[in-house]
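To keep things clear, I will list the structure first and then write my remarks on it.
Just the heavy atoms: all of them, side chains too, but no hydrogens, waters or symmetry mates, feed the values below.
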Amino acid sequence: MKKLMTVMMAALAPSLFASPLPGKADVLATNTVIARFDGFTELPCRHMTALCPDRCDHATKVANFTVLKNEDYSCPGKYGDDKAEVGATMMVDVKKPTPGQDDAAVFALVDSLKPGDTVRLTQVHYYVDDNGNMYPVRPVTKLEKVEKPADAADVPAAVPATPIQPRRMMPGRRAR
């Protein structure tokens, strides 16, 4: 009986840890890069809905990565993200779960990184059709710490991102 339970848990393990993509998903592009971890940025709520700011869950925390080298890029159709150029910034949400991403593994590795560490990051751009609700999803499918390759570009340290400020009413205007 114990052996049977072990086999059943091993079979269910991938479905427990990787969140599935909702509905039908088409791959639009895939980027695999060598990138430098530059730290975290807090993105505040921008007060765009009636639920803001206390019930919306818009505020998030992202990990910033600067691309040092693009190892592999594919775009099977005419749509999809462009090739990640050297010096571009890639952001990974480390607060909210992303469909198609092993969130526990990604969050754990990102938490262990120090600014300046080098990683290999693969991000897939999906276009999801969830019963007529269509939207893009960009999960990180591979993230591993690596040594900086000799042929990687020396990109200067990124300027810290300025958080997006919430919209405010103009002075002298009243809400109706």
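For the side chain to side chain contact (heavy atoms under 4.5 Å, CB included) criterion with Val67, the lone passing option out of Glu85, Lys83, Met90 is Met90.
Counting non-hydrogen atoms of other residues, nucleotides and ligands closer than 6.0 Å to CD of Glu144 gives a total above 12. In Tyr79, the OH atom is not crowded: 12 or fewer heavy atoms of neighbouring residues, nucleotides or ligands sit closer than 6.0 Å.
Follow the hydrophobic side-chain contacts under 4.5 Å out from Val140 and you never reach Val62; the two are in separate clusters. Tyr127 and Val137 fall into different hydrophobic clusters, where Ile, Leu, Val, Met, Phe, Trp and Tyr residues are linked whenever their side-chain heavy atoms come under 4.5 Å apart, directly or through other members. Under the 4.5 Å side-chain heavy-atom criterion for Ile, Leu, Val, Met, Phe, Trp and Tyr, Val94 and Val119 are members of the same hydrophobic cluster.
Taking 4.0 Å as the cut-off between side-chain N and carboxylate O, Arg36 and Asp38 count as a salt-bridged pair.
For the pair Ile34/Glu71, a side-chain contact is recorded, criterion being any heavy-atom separation below 4.5 Å from C-beta on.
The NZ atom of Lys148 lies 5.5 Å from the CG atom of Leu68; values are rounded to the nearest 0.5 Å. Separation of atoms NZ (Lys96) and CD (Gln101) is listed at 13.0 Å; rounding is to 0.5 Å. To the nearest 0.5 Å, atoms NZ (Lys61) and NZ (Lys95) are separated by 9.5 Å. Separating the CZ atom in Phe107 from the CG atom in Leu143 is a distance of 11.5 Å, to the nearest 0.5 Å. We find the OG1-NZ distance between Thr118 and Lys145 to be 8.5 Å, quoted to the nearest 0.5 Å.
Counting all heavy atoms, side chain and backbone alike, His125 lies closest to Pro136 at NE2-CB, 3.7 Å. Contact between Pro99 and Pro139 at its shortest, heavy atoms only, is O-CB, 3.4 Å. For the pair Gln123 and Met91, the tightest heavy-atom approach, listed with the atom from each and the gap, is NE2-O, 4.1 Å.
Every ring-ring contact (aromatic ring centres under 6.0 Å, His included) that Phe37 has, sequence neighbours left out, goes to Phe40, Phe65.
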Kindly indicate, with the supporting measurements, whether the criterion side-chain contact (heavy atoms from CB on, under 4.5 Å) is fulfilled by Val92 and Leu121. CA-CA 10 Å; Val92 177; Leu121 185 144; 4.1 Å; yes
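Judged by distance alone, the side chain of Asn133 and the main-chain N or O of Asp130 form no donor-acceptor pair under 3.5 Å.
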List the atom pairs, donor and acceptor, that lie under 3.5 Å between side-chain atoms in residues 21-33 and the rest of the protein, sequence neighbours left out.
unit_1	atom_1	unit_2	atom_2	d
Asn31	OD1	Asn70	ND2	3.2
Asn31	OD1	Ala84	N	3.3
Asn31	ND2	Asp82	O	3.2
Thr32	OG1	Thr122	OG1	3.0

